[in-house]
Amino acid sequence: LDSVPTESARQAVTLVAGRARTEIAGNVTLENLAEKARTGVDVISVGAITHSAPVLDLSLTIERIP
């Protein structure tokens with residue numbers, strides 16, 4: 001359920017009635033996470049956790065040893 005209003009997610013979970021796993025994503029923030037969880041979905045994806053993460057420039061050099 002991507003970027004759907006909370007009430008629509010609740011209705012979808014009822015419609016699925018446990019026959020499939022449900023996930024809510026898109027427009028999920030730490031502030032509305034509890035509200036989204038109360039819809040009854042099985043999984044919640046919160047992009048806000050990584051959207052503001054600092055960048056780390058990482059390099060991996062592999063040397064072949066004869």
Side-chain angles (χ1 to χ4, degrees):
L1 304 167
D2 190 14
S3 301
V4 299
T6 303
E7 185 54 35
S8 295
R10 190 180 338 278
Q11 291 172 358
V13 168
T14 300
L15 184 64
V16 169
R19 293 185 301 261
R21 292 181 59 100
T22 53
E23 175 186 13
I24 195 164
N27 299 323
V28 178
T29 64
L30 298 177
E31 289 75 26
N32 67 14
L33 182 61
E35 174 187 356
K36 302 293 184 178
R38 286 191 290 272
T39 64
V41 294
D42 299 301
V43 179
I44 301 174
S45 295
V46 184
I49 293 172
T50 57
H51 290 174
S52 59
V55 176
L56 174 63
D57 188 7
L58 200 60
S59 173
L60 177 65
T61 304
I62 300 175
E63 290 184 31
R64 184 178 181 132
I65 302 173

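- Between Glu35 and Arg38 there is no salt bridge, since no side-chain nitrogen of the basic residue lies less than 4.0 Å from a carboxylate oxygen of the acidic one.
- The distance from atom CZ of Arg10 to atom CD1 of Ile24, rounded to the nearest 0.5 Å, is 9.5 Å.
- Other cluster members for Leu15: none, since no ILVMFWY side-chain heavy atom sits under 4.5 Å from it.
- Taking every heavy atom of both residues into account, Val28 and Ser45 meet most closely at CB-O, 3.7 Å.
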Side-chain donor-acceptor contacts of residues 54-66 below 3.5 Å, not counting sequence neighbours, with atom names and distances?
none

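- Between Leu1 atom CG and Thr22 atom OG1 the span is 6.5 Å, to the nearest 0.5 Å.
- Closest approach of Ala9 and Thr39 over heavy atoms only: CB-CG2, 4.1 Å.
- The minimum heavy-atom distance between Thr6 and Lys36, with the atom names listed, is OG1-NZ, 3.2 Å.
- Inter-residue side-chain proximity for Val41 and Glu23 is flagged as unmet; no heavy-atom pair is nearer than 4.5 Å.
- The same ILVMFWY cluster, assembled from side-chain heavy atoms under 4.5 Å apart, contains both Val4 and Ile44.
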